[in-house]
Amino acid sequence: MPELPEMETYKTLLHQKIGGRTITDVLINREKSINIRPDEFINRVQNQEIKAIERRAKHLLFHLENGYVLLLHLMLGGLMFYGKEEEKPDRTVQIQLSFGDQHLYFIGLRLGYLHILSQKEVEQELTDLGPEPLDVNFSLDTFLNLIEDRRGRIKTTLVNQEFLSGIGNCYSDEIAWHSHLLPERKMNELNDNQKVQLYQSIRFVLHQATQYGGYMDMALFKEDNKTGNYNNKMYVYDREGEGCQRCGAAIIKEELSSRKTFYCKECQT
DNA sequence: AGGGCAACCCGGACGC
DNA sequence: TGCGTCCGGGTTGCCC
């Protein structure tokens, strides 16, 4: 499911495609995906220029010239496609933003949404999110302060958006593997070296995954060769039974805190 | 505080 | 091809 690297990739690519362009048409096929009446929604969005696209946690923010913001969360299975009508994947489209004869399709929005909000409302909406793990200000000291008194498991802590923002089920496993630590390990039982290692793995894995365009393999547009290249770099996620890249042992799949979890029982401790 | 769990939602995958 | 069934999974909220 789309997490920080996927949303960051979307941000970069969409900026190139629709940054500075004007939304000519809006099509709402699923009213539950928006937050106000469709006619009001269209009123606020149509004929507006996209001034900037920003990512916060797993959200994308489309800043419009009238000051309103389109706040997107893809939740589970949501994805986007940009292009001409004949290029779009054969999937149900919940919302469509048009830019002349090119369209931005929002697909698989089941629990996901695209809300139109004032800047103040967006701020309130995002107020409980923890720090951005790739932010330059997210230092080792910040991290050590953050995990002080934390007694939960590594995995549940990493996916907690109030603790750190943008990490989900996939990257929590990737980070745990990279740090040689089991996802079930308790934060407060890690020694100093392991805490430093965990911090470094958070930074490394998220950075690398973003460089490779995340792991979701659906291209954002025709001839998009950026999106999803991390898919074949993944260490453990969805690799049950395959050999561990470090020690060769078979990757284990298990349920932890009602989430599917992948790890190597030989070289993670 | 942290763990457990239900509810939200429905398209797509899968079985026959 | 066609129809019925089931499941995924981030987030919220509630309880213990």
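Chain identifiers are assigned alphabetically (A, B, ...) following the order of the sequence lines, protein sequences preceding nucleic acid strands; residue numbering begins at 1 within each chain.
The CG-P distance, from A/D90 to B/dG12, rounds to 8 Å in whole Å. The nearest whole Å value for the distance from the CD atom in A/Q161 to the C1' atom in C/dG10 is 8 Å. For the pair A/E6 CD and C/dG10 P, the interatomic distance rounds to 11 Å; values are reported in whole Å. Taking atom CG on A/N29 and atom P on B/dC10, their separation rounds to 13 Å, with Å as the unit. One can place CZ of A/F163 at 13 Å from P of B/dG3, the figure rounded to the nearest angstrom. One interatomic measurement links the two molecules: CE of A/M7 to P of C/dG10, which rounds to 13 Å at whole-angstrom precision. Taking atom CG of A/L79 as the reference point, atom P of B/dG11 lies 14 Å away to the nearest angstrom. Between A/E255 atom CD and C/dG8 atom P there is a gap of 9 Å when expressed in whole angstrom units.
With salt bridges taken as basic N to acidic carboxylate O contacts below 4.0 Å, none links A/E266 and A/R246. Checked for salt-bridge contact, A/R239 and A/E242 meet the test: a charged N lies under 4.0 Å from a carboxylate O. A salt bridge is absent between A/E6 and A/K58; no separation between the charged side-chain nitrogens and carboxylate oxygens falls under 4.0 Å. Note on A/K120 versus A/E123: no salt bridge recorded, every NZ/NE/NH1/NH2 to OD/OE distance being 4.0 Å or above.
Comparing A/I107 and A/K186 along DNA chain B, the residue whose closest nucleotide (by nearest heavy atom) sits nearer the 5' end is A/K186. Nearest-nucleotide mapping onto DNA chain C: of A/E162 and A/Y237, the residue sitting toward the 5' end is A/Y237. Residues A/E125 and A/G77 both approach DNA chain C. Their nearest nucleotides, taken by heavy-atom distance, put A/G77 toward the 5′ side.
Looking at heavy-atom distances under 4.0 Å, A/M75 makes contact with a base. Residue contacts shown for A/G152 are limited to sugar-phosphate atoms, with no base heavy atom under 4.0 Å away. Residue contacts shown for A/T156 are limited to sugar-phosphate atoms, with no base heavy atom under 4.0 Å away.
Using a 4.0 Å cut-off, no side-chain N or O of A/T92 falls inside it from OP1 or OP2 of B/dC10. Between A/K58 and C/dG10, a side-chain N or O to OP1/OP2 separation shorter than 4.0 Å is absent. At B/dC10, one or more side-chain N or O atoms of A/R30 fall inside 4.0 Å of OP1 or OP2 (strictly under the cut-off). Regarding contacts with the backbone of C/dG10, every side-chain N or O of A/H73 stays at 4.0 angstrom or more from both OP1 and OP2. Considering only side-chain N and O atoms, A/R150 lies under 4.0 angstrom from the phosphate OP1 or OP2 of B/dG2.
Residue A/R91 places its side chain closer to B/dG12 than to any other of B/dG3, C/dG10, B/dG12. Among the nucleotides B/dA1, B/dC8, C/dT11, the one closest to any side-chain atom of A/R259 is C/dT11. The side chain of A/R110 lies closest to B/dC9, out of B/dG4, B/dC9, C/dG10.
Residues A/I95 and A/S33 approach most closely at CD1-CB, 3.7 Å, considering heavy atoms.
Checking A/Y263, A/F204, A/Y171 one by one against A/H178, the ring-ring contact (aromatic ring centres under 6.0 Å, His included) holds for a single residue, A/F204.
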